[in-house]
Each structure stands twice: as structure tokens, then as C-alpha cells.
Amino acid sequence: MADAFGTDIPKLLVSGETMDVVKQSAALCLLRLFRTTQEIIPGGEWTSRIIHLLNEQHMGVVTAACSLIEALVKKNPDEYKGCVSLAVSRLSRPWALWLPEARYPPAGPLEGTLWTSTPAPWLSVKLLRLLQHYPPPEDPGVRGRLNECLDTILNKAQEPPKSKKVQHSNAKNAVLFEAISIIIHSDSEPNLLVRGCNQLGQFLSHRETNLRYLALETMCLLATSEFSHEAVKKHQETVINALKTERDVSVRQRAVDLLYAMCDRSNAEEIVQEMLNYLETADYSIREEMVLKVAILAEKYAQDYTWYVDVILNLIRIAGDYVSEEVWYRVIQIVVNREDVQGYAAKTVFEALQAPACHENMVKVGGYILGEFGNLIAGDSRSAPAVQFQLLHSKYHLCSPGTRALLLTTYIKFINLFPEIKTQIQDVLKSNSNLRSSDAELQQRASEYLHLSVITTTDVLATVLEEMPPFTEKESSILAVLKKKSGRMSAQEAQREARVQAREGNAAPAVEKTQTAQMNNSTSADLLGLSTPPANQNNTQSNTGVLVDVLGDLYGGGGSGGGSNTNTHNGTAAPSPASTSGATDNIKKFVCKNNGVLYENDIIQIGIKSEFRQNLGRIGIFYGNKTSMPLQAFCPSVSVGLAQQGKVTVQVKPVEPTIDAGAQVQQLVNCECVEDFTGLPDLIVSFTYANVPQRLALHLPLSINKFFEPTDMNGESFFARWKNLSAPSQEAQKIFKCSGAMETAAIKTKLLGFGMQLLEGIDPNPENFVCAAIIHTRTQQIGCLLRLEPNRQAQMYRLTIRASKESTSGILAELLAEQF
Amino acid sequence: MPSYASPSPDLEGETKSQHPKQAFRTSERAAFLILRRLCADEPAIVLTSGALDGLQGLEIKMQFMLLFSRQGKLRLQKWYEAHPDKVKKKITRELISTILARKPKMSSFLEWKDLKIVYKRYASLYFCCAIEQEDNELLTLEIIHRYVELLDKYFGSVCELDIIFNFEKAYFMLDELMVGGEVCETSKKNVLKAIAAQDLLQEVSYGETAYEL
């Protein structure tokens, strides 16, 4: 049906003769069809004709056209750019909003739309919504008029309602909220932002629950803007009050969100305290999210780490059930990394453990910290080694196997720290419930630890059980969990979350894990020949520094990044009007080389240096500002396509939000191949140059062949293996035409660059090339054999790849065939 | 349920003569009816992954509208996004129980999956709409209110029974007000005019058959 009418409907829509009612239906119908088949809307001159529907007299037609244009804009913002000025002028016509003149309808059938003091709430809201798909208009005239309109809307909100009915103010407030959201979106008019904030402040104490709910929700957005952050903070009292008195859970939840958003260094202690107070009585449904938020705030704004430790321990005490693993992992990481709080932490957990009933999570934290730093408080007779041990062991029987295992590790650490209680601990390890525990893990630990303590000398023991090395600093995994929890994720955030998840693998601080973490640390360190030292060796650097950076990255780099952030958040691809002439995108070449220029235009140059070893790799991305102005709100993001998620992980270091004129910054990306993958991760670079948002959609040159390890072999074993991989699904063959010259030297370079070992003198035909290599992934190793047969007469190649994993050969053939 | 189809073409001439005010030209009228048909019906289920994943498929302003009583009986449903019947039933069940559990002083908005639910109670009936994240909640309340006003005007202080017995009229009115999930006709008068015209048509056709019998 869509095909049948596809050509007629647009004609009906823009024809001058069609009746208004039909036009209106045509617009909505076209919108419907457009959602089914995107191709239905013709381009070219139709664009401007459709845009000019906004000038129609009939309200219904304009409203319908607005819906249609909005859908079109979402798909193709550049083409429909012209609608901005038209929409603004439509908005600024007096009768579009509720100016007094609105009582005098202009020409055209308008009756019925003038039914309240808001003559056309639908149209107004639609127009405002449409404008939010674009950055604020550049033309000062248009911009001025838009601001005037917004101003009027805000003024109008102050007027007392003409009628007491809720319904009438609903329409008015609908427009008001939409206006505020466009103000937040453009984030450039401090005056309007503050006024919007004040207006919302009034709503905070409005008797309508709906308005309070919306005001809290909208304020969350306002709090992220640097201009209105302070203004939002003025309402802290009211919000905290709402938390205490509001009867609706969802409204309270909004209040929590807002407190979280408005929190900064100056009010962190107070807000965290209020949230802790509320947590004791909070609804079960929002407790977990609150716990995470408190944990993040405490960490982000902690000036004094003793305060942080107190907060987290309180958190465990109040809502132990809702404290997820990430939270207590994190507190341990921080305590281990910061020497100055270790003693305090040991003392506090010791005290906390003395409570008659304490939560299992508390036992875990306590067990871990005392095992590491119990010696710091052992001097005091009240917390002598034996007392510490007794205290922990008194909780032992009440705990789950996981916690018991952790406690056993603590005990062996005690043996090292306090040789005087060795026999006591050995008795415990020897006890039947441990040595013959039904839980295999406990049994193993008990017997291993027991023998360790019996056999080894103190020196060996001391080496084995040395104090934990500081944890590698990375983004707090709590944030990721929070993101998952709060169902309100924009696409952007979802991508980031995926990134964060990729790193989570390393975040667990269990004893065994650290060993691997350490190993990772060393491999990645020597893996790198890049100019700067790898960030994860900078353990001396303060934790918060890194963490806050990461947070900054997530939340748009604090204030200055706010603007660009809103742009990307709405999912609009920010148009890049600046010249992109001379832009070069060299992604294809990178299949066969590791270093070079990835992208270059008049503004920015992006270079790549990469190095791979086995299943790990490190890519340095160099961003060079070629202009004489700084690039603002600089935010590159790397993401792995949905289909490839989990197959390859990338871990990206944050970069500063500004690149000075002529400067170059480097960003490191650590990657790991989990299993064979196709395609390339996306690299989205967004920044503002001369106040114009720019967005580059590139790819990160990370293809499966980067993880090759060349393998040498003789002819015999090559053919033996080749025959072994004879299943049809293991082989991929491609015959293709050569695009350049067929030079033996060039082909050799490419094959070597591809990462495989070139085996010479194996194929009976000297013209042919055979190669062998192994792909290292985390899960397995994939052997790959290749044979390339050039046919010089026909200028064709035949490429055959066999791989031990079925899907891999096809991927490789695709990649390599493009290179010739 | 009476057919949603437009009146059969042979009635067209008669309509015109009876309602000279209705200035439709025949061709335009046909176009109009076809256009409405194209978007008024629930879309056929498109078997894309999006459609099956639930509610994330296409960008549609309003996803669906439900009317149900305080006892949890569904009175009216209009879906602007295609779902298999099973999914619809599940959604309906879930929403009805969630909303009925809410107290009167609570806000009319709630987040559900990745949609926003806006509901309002009028007497014994709950009107419940699902909209997208970025849509305006208050405006949706406004649409609900507009619909209630329409029903009220047409039935003369509407009650649940009116909707039970004349559900087709309620559907007709909703179809005039909203097309494909978007507000279409904002004027109450125009909607009522259109419905009155339909009523007349119906009477004429029923009348004729009665005489023939």
C-alpha cells in the first residue's frame, strides 16, 4: 500500500489546491509511511516545499506538518535545516503563543484552537521540540526572536491563572516545560537558565504532584549546566524537604536524582548525610540505587578519606543488603591505595565489627582490611592480634561460603602478620568443618593455607603474603552499575556503559584477581613503546584525580563540556558546517599497517600508533589541533558495535576537554581480543571549534588480523595442517580483480603488514604466496593458513584462507581482499 | 464491532446531497478517506527485530491508549504500535495492576520500561497513555482531557456505560482526534461535526434497510 500511494501523497501534501483537511491527513499519513519505509519521502525540491508547510494558515496542517518534519529531521538534520528559521518565526507570531493578541485570530480557520488562554499548545510544543534538534540558531536575528519568545513564555508563567481548573494550567505548563527544555538544550543564555530555574523552584512547592515531579526532573538537567548549577543549589533545602515529606515514591526518587545532580564539593557532606538519613526509611525499590549514588558522591567529593570510609561503613550498616559487591570492592581499593587512611580504616572496621549483629558485607570489608592492615592497630591491647582474630572468627559461622573463603585468606595473612597466634589459626584451619568442608573451595583453601603455614619459612611466607600492591586505577565500576540501574539511559550513555563494563573484568579485588591484575599491569607496561608512560603505573597519583576525570568524561567534563553534552545526549548528530575539504580518511590502509595518519582535515589531524602482543593491544590516538584556536568540549568516544560486544573489549583513557591551538594530545586505548570479531570499533570525535559543534564519525583501526602472531613452519607441516583444515566451512576463498600493479615486493609488504609469516619456497609455484599465523584471543588460539595465487594475465587474484575456527577464515578473506 | 471501513462508495452521492455544507469534492473525499484508512488502522506487524524486542521499534509519539475501569476491566484500547496479541495482553495486565495500585495523591506519571506512562482518572475510568521519553507529559494529559471533553459533549455527561454500549462512537472520536499516534484535529467542534455526519449516514443506511424489510 505504501508503494502504491508513495508518489501521490507528497503531491497531495504540497499542492496548492488540496483542501486543508486532506493536507493534514496527508502529512500524518506520510509520517506513518515514512516510519515504515524511509525512502518514501522524495528529496531535492520537495524538502523546501515540505518545510514551507510551516507557513500554512491552517493550524491543523501546521501541527501535522510539524510532526512530519520532526521525524524527517531526526533522519536527516542537514537537509531540513531551513525549518529552524521558519519555526522560530512561526513561534514568534503572536497567536502561536498566548499573547493578548491571540484573541484576534488571523485569517484562516482557527476556531476551536482558541479554547484556552493557550491557543495552540500542541503547535507550540511541537515547534519548540523541533527546534531542539538543532543547536541554537546562528543568525543573531533568529536567535533574538527565539529568545524573545522564550522570555514571553517565562513571563506568562508568572501571571496568575485565569481559571482555577488544573486543566487550563496544564496546557500552559506543557509549553513552559518545553521552553525550559529548549533553554537547557541550547545552554547558552545564562539569564534564561536562571529564570527557568526560579520558575521550577516555585513549582517545587506547588500543590500539584505532577508539577513537583516534572520540576524535579527538569531541574536535574538544569543542574548540569554551569550557568544554572548555582541557582539550582539554592533549592537544596526544598528538595531535601521533598525527600522527607513527599508521599509519592516516584517523586522522592526524582528528588534523590536531583540531589545527586546538584551535589558538588561545597555541599557534598550535607547531601550525603541527608541521603544517608533518608536511606534508613527509604522505600525498598529505590534503596539500591541510592546506595550506589551515595557511594559515588562520597568518593567523588571526598576531601578527607576518613570521611569516605565512615560514609561507606555507615552505608553498609544501614542498608547492608543493598550494598552491591562493587561498592565494597571500591572501598577496599581506595583504602589499599591510600596509605593515610589505612590505620583509620582498620580501627573503624574493628569497631564496627564489635556490633553484635553486623552485616555480612561488613564482615567482608572488615576481614579484608584487618588482614591487610590489622598490624597497624595491633599495638593497642584492646585490638591485639588475638582479639582481632577472635572477633572475626566469631562471625565466621554466620557467613556464606564466599565470605568464609575470604576470611580464611585473612587468617593466613594473620599468620604472616602475627606469628604469635599461628597455632590458634592452624587449629581453625585444621578443624573438620574447614579441612573437610563440603564446599570444595573452602576445603582447598583450608588445606593449602594450612600446609603453607606449616612448610614454608617465615621469609617465604612473608613474600607470598606481602601487602597488596596498589590497585590499578580505573573508573569506578559503581558508576556502571548505577547506569544499568537507572533505566533512563540515552544511547550515548549506553555506549559508555558498554565501555565501562569492558573494564569491569579487572575490577574485583579478590586475592587471586590481583595476581592477574599485576600481570596485566606488567605486560601492558612493557608492551608499550609509546611516548608517555602508561597511566596505570601512576599509582602515586591521587585516586580522586583519575576518578574525577573519568566522571568528568562521563558527565561532559564538568561545566565547560555541558553544552556539547546536551547536544549529543539528544542523539542529534551535530552538523559540522565547517569545511571538511581536504579531509582524508585512511582507515583501509590500516589493515596492513599499525602507525600513520587516520584522518585529517583543516581543523584536526588524528594519528594512530599501535602495538599488539598476543591477545592484547594498545593504540595511541594522537589528536592534533591544526588551527590557531583551542578546540573546546573535546570528547572522543570509542565503542564496539552491538554485534561485536564482548568479542573485543576496548578500554579508553579520558582526555582533557580542551586542545590548545597547535597542540597535540594523546589518548590511549587498551584493547583485548576475546574471540574473533568482524568490523571495526567506532571512534566518534566531537568538539566545538569556534563555537560550531563538530562531529567526526571514524573507525578505530582495530581488526582481527592485528592479533596475529606469525608462525614459521616447513613445507611438510604446512601441508599437513592445510589438509587438516579441509572442512568446507573452515575455508574461505575469494577471487578478485587486482586494483593496482601486481608487484611481488608490494604484495609481500602487504602480507607481512597483515601480520602473517610469509613462508617462502613452500608452494610449488614460485609465483604463489603462502602464509601462516596464529590469532590469539582470550578464549582460544586460532591457527590460520593463507594462500594467494596471482594470475598476471587476467590481473586477478585467488585468495584462500583456512582457519581452525570456522567464522574466522571468512572475516580474514574479507579484510585482505580489500587491500589488493 | 461495526466495520471501520468508510461508507460504501454508492452512498457518496447521497451524502453530498444531504450535506451540501460538506464541501468535499468526490476525488478529494476519496483521497481523504484513503489517507485516513492508511493511518487509522493499526499497522500490520512488521517482523523486524525491533518490533519483537518490545517497544523500542519505531519512533511514534503515542504508543497506545488504554481505558479501563476501577475494577481493572479494559474498556477501550488503541494501539499505534504493532504488537502481537500476547504482548498487548501482557502490557495491559501489567499497567492496569500498576496503576490501580497507585494512590490518588501520587503524580500521574510513571516510568515503565523505556516509556513514560501518563494516566488520569475520571470518575470510575482510568485513561492511560504511553509516550516516548522525550514527549511532553502535561500535553498528553491535555490530550486525555480533550478526549474526555469530547466524550462528555457527545454523550452528555459521559459515564462508563456510555462507553460500554457505544464503544464504536468512542473509537470514532478517538480516530478523529488522534491519527497514527499524533494529535490531528484539535478543534472539538470539528470532531463533533464529523461524528454527527457519520451518525447521520448510519441512520440513513439503517433506515433504508428497515424499509426494504
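Letters A, B, ... are given to chains in the order of the sequence lines, protein chains preceding strands, and every chain is numbered from 1.
If you take CZ on A:Arg247 and CE on B:Met106, they are separated by 9.5 Å, rounding to the nearest 0.5 Å. One finds the NZ atom of B:Lys105 at 6.5 Å from the OG1 atom of A:Thr209 (value rounded to the nearest 0.5 Å). Atoms CG and CG, on B:Asn136 and A:Leu214 in that order, are 8.0 Å from each other to the nearest 0.5 Å. Considering CD of B:Glu137 and CZ of A:Phe177, their distance stands at 8.5 Å, rounded to 0.5 Å.
Contacts of A:Glu246 with chain B are absent, with no heavy-atom separation under 4.5 Å from either backbone or side chain. No part of A:Ala64 comes within reach of chain B, as not one of its non-hydrogen atoms sits under 4.5 angstrom from that chain. In this structure, the portion of A:Gln24 lying under 4.5 Å from any heavy atom of chain B is its side chain and not its backbone. Contacts of A:Lys126 with chain B are made by side-chain atoms alone, with heavy-atom separations under 4.5 Å and no backbone atom involved.
Across B:Val183, B:Leu110, B:Thr140, the residue that shares the most heavy-atom pairs under 4.5 angstrom with chain A is B:Val183.
Using a 4.5 Å heavy-atom threshold, the side chains of A:Leu211 and B:Leu138 count as touching. The shortest distance between side-chain heavy atoms of B:Glu111 and A:Glu217 falls below 4.5 Å.
The environment of NZ in B:Lys153 is sparse: at most 12 heavy-atom neighbours from other residues, nucleotides or ligands sit within 6.0 Å. Within 6.0 Å of the NZ atom in B:Lys90, the count of heavy atoms belonging to other residues, nucleotides or ligands does not exceed 12.
Considering every non-hydrogen atom in both A:Arg129 and B:Glu134, the closest pair reads NH2-O, 2.7 Å.
Under the 3.5 Å distance criterion, the side-chain polar atoms of A:Asn210 are left unmatched by any main-chain donor or acceptor of B:Ser107.
Salt bridge A:Asp248/B:Arg102: present, at least one basic N to carboxylate O contact under 4.0 Å.
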